[in-house]
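What follows is a set of notes on a single structure, which appears directly below.
Counting starts at 1 for both ligands and their atoms, following the listed order.
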Amino acid sequence: MHHTFSDMTFCIRTFGCQMNKHDSERIAGMLEGLGALQVETSEEADMVVFMTCCVREAADVRLMGQVASLKNLPLREGAAIGRRIIAVGGCIGQRDGEKLTRELPHLDVVFGTHNLGSLPKLMERAIGGEGHQIEVLDSAETFPTDLPTAREHSWAAWLPITIGCNNFCSYCIVPYVRGREKSRSLEDVVAEAKAYVDAGVKEITLLGQNVNSYGRDLYGAPRFDDLLDAIDGTGIARLRFATSHPKDLTDGVIERFGTLRSLMPALHLPVQSGSDRILEAMNRRYTRDHYLELIAKLRKACPDIALSSDIIVGFPGETEKDFEDTYRLVEEVGYNQVFTFIYSKREGTPAASIEDSTPREVIQERFDRLVDLVQDKAWQSNQSDKGKTVEVLVEGASKRDSGILAGKSPKNQTVHAKVSAGQSAEDLAGSFVNVRVDEAKTWYLAGTVVDADEGARGSDGC
Ligand code: SF4
């Protein structure tokens, strides 16, 4: 029997990827289900939970700093217990386990990526004065599907379909901390999607480290394209997914971009490098040509598809020629968006032992050159939408002006538009409006609402 947390408050600090954000929503759902109240700041919180990511080194430093700074933070007025309970979960919890409580003795709970469901029990023991609570499992026994979720927006849901990863890209720590890939059954995923549709959700994003290999661990099971069909069949208005490994993107999935009603015309397909030599050193298991072939097929299936990518600059041993190959690939593809990263070494990965003597300034110069190109290409891709009317799923008022709504187009572009007299951007959140695009900037489109069409979804994309 769990202690109820009914007089207690909690806040969650999330670092890293969407998978972590989703895990945070599940934790919020569990703690709320036990009566605790979610608050925004650590000052107001009796329990602070950190959901961490160890993909980038900066996250370790940030975590240490933030946990340390809680040590002397005064308790809120009327605090339910005499001290603040601090928990660290996610990748850093999984990787470092007990070591964390040695470095940060005022930390109460450490949990891993496979046992979110144990958090309330561990918190309860810590509150009961049972000392440091550390529980890190090697792998998940079953897919954790029965945890409640508190969603950030009522109209959008993230739906995990796989956990873990089998790929071992040489720079990546994920397979070591999230374990081998496990797929959730199609029935479970579809049942959750249906429940979301019934609850008024307009957009579902399927999540996995590599959604394209969905079902390969289940004998005779449906594959990712079958799953897309099944989710489309629930009547969801908008369907997206992340992340897609190029080596596993099948013709069946590509084809769905041209045929499935709900599948939005936008794909994040991380290339990481445009050089075959570096791709091999990264253990990505595709070539530049194969990647470009995929892009050609996608554009054939869905001519207006918006493409985005991740690129690492300065992988150990990257030469000027390798970088040029990446630069030319970005020129050729013309992405709507690219997330660029300077390589950072993660201990415990094979790439960490590759020696590299490339000066930091050279890598920085390459990075800056690439960012300039990415911005030019993003601006160029958006120009093709000028004058068009796009359907926007409204997220609320823009940060700068409450009379301007902000939302997302089918191609996942941010769209700003002035709301009509008598309407409030906040009230439109979660509904669809049509916006005529008057201006196309690098990172957003700006336009005018032409009619508000609650609940309906016009034809988009392909
Ligand atoms: S596909 Fe590669 S980069 Fe992505 S999580 Fe797996 S190992 Fe890491």
Side-chain angles (χ1 to χ4, degrees), residues 14-23 51-60 90-95 112-114 138-140 143 158 160-184 205-217 223-224 240-250 253 267-288 290-291 294 307-316 318 326 338-354:
T14 309
F15 305 155
C17 63
Q18 282 201 324
M19 197 58 110
N20 264 5
K21 289 187 195 154
H22 179 79
D23 284 352
M51 280 306 289
T52 62
C53 168
C54 57
V55 174
R56 282 168 214 296
E57 200 167 36
D60 286 43
C91 299
I92 296 181
Q94 183 75 27
R95 189 196 60 192
T113 51
H114 302 301
D138 281 347
S139 71
F143 204 100
W158 288 323
I161 62 166
T162 63
I163 46 170
C165 181
N166 292 346
N167 287 314
F168 293 96
C169 300
S170 65
Y171 51 84
C172 181
I173 193 92
V174 166
Y176 306 94
V177 291
R178 292 257 170 193
R180 294 301 81 76
E181 185 174 275
K182 271 205 172 71
S183 300
R184 206 172 152 185
T205 304
L206 304 177
L207 283 185
Q209 304 294 346
N210 176 18
V211 289
N212 291 327
S213 53
Y214 172 81
R216 288 195 193 160
D217 56 322
R223 294 300 159 85
F224 187 48
R240 303 183 188 279
F241 56 81
T243 296
S244 246
H245 195 304
K247 81 174 165 56
D248 298 314
L249 180 65
T250 61
V253 172
L267 176 65
H268 185 65
L269 193 63
V271 68
Q272 308 298 4
S273 167
S275 150
D276 281 343
R277 215 178 59 82
I278 297 295
L279 286 173
E280 199 179 331
M282 288 176 164
N283 193 30
R284 292 289 288 176
R285 289 180 282 160
Y286 52 84
T287 60
R288 171 198 177 87
H290 179 71
Y291 185 88
L294 293 175
L307 296 162
S308 58
S309 198
D310 295 335
I311 290 179
I312 298 171
V313 177
F315 187 81
E318 180 188 79
T326 301
V338 179
F339 301 94
T340 42
F341 304 94
I342 289 184
Y343 171 77
S344 98
K345 180 168 157 172
R346 301 311 294 142
E347 290 308 334
T349 61
S353 56
I354 311 176

What protein N/O/S atoms are found closer than 2.8 Å to atom 2 (Fe) of ligand 1? Cys169 SG
Write down the atom of Ser309, the atom of Val271, and the distance for their closest heavy-atom approach. OG-N, 3.0 Å
Under 4.0 Å between a side-chain nitrogen and a carboxylate oxygen: does that hold for Asp276 and Arg284? no
If I take atom OG from residue Ser170 and atom CZ from residue Phe315, how far apart are they, to the nearest 0.5 angstrom? 3.5 Å
Side chain to side chain donor-acceptor pair (under 3.5 Å) between Ser213 and Glu181, worked out: CA-CA 9 Å; Ser213 53; Glu181 185 174 275; 2.8 Å; yes
Listed by chain and number, what are the ring pair (Phe, Tyr, Trp, His ring centres under 6.0 Å) partners of Phe224, not counting sequence neighbours? Phe241
Salt bridge or not for Arg223 and Asp217, using N-O below 4.0 Å? no
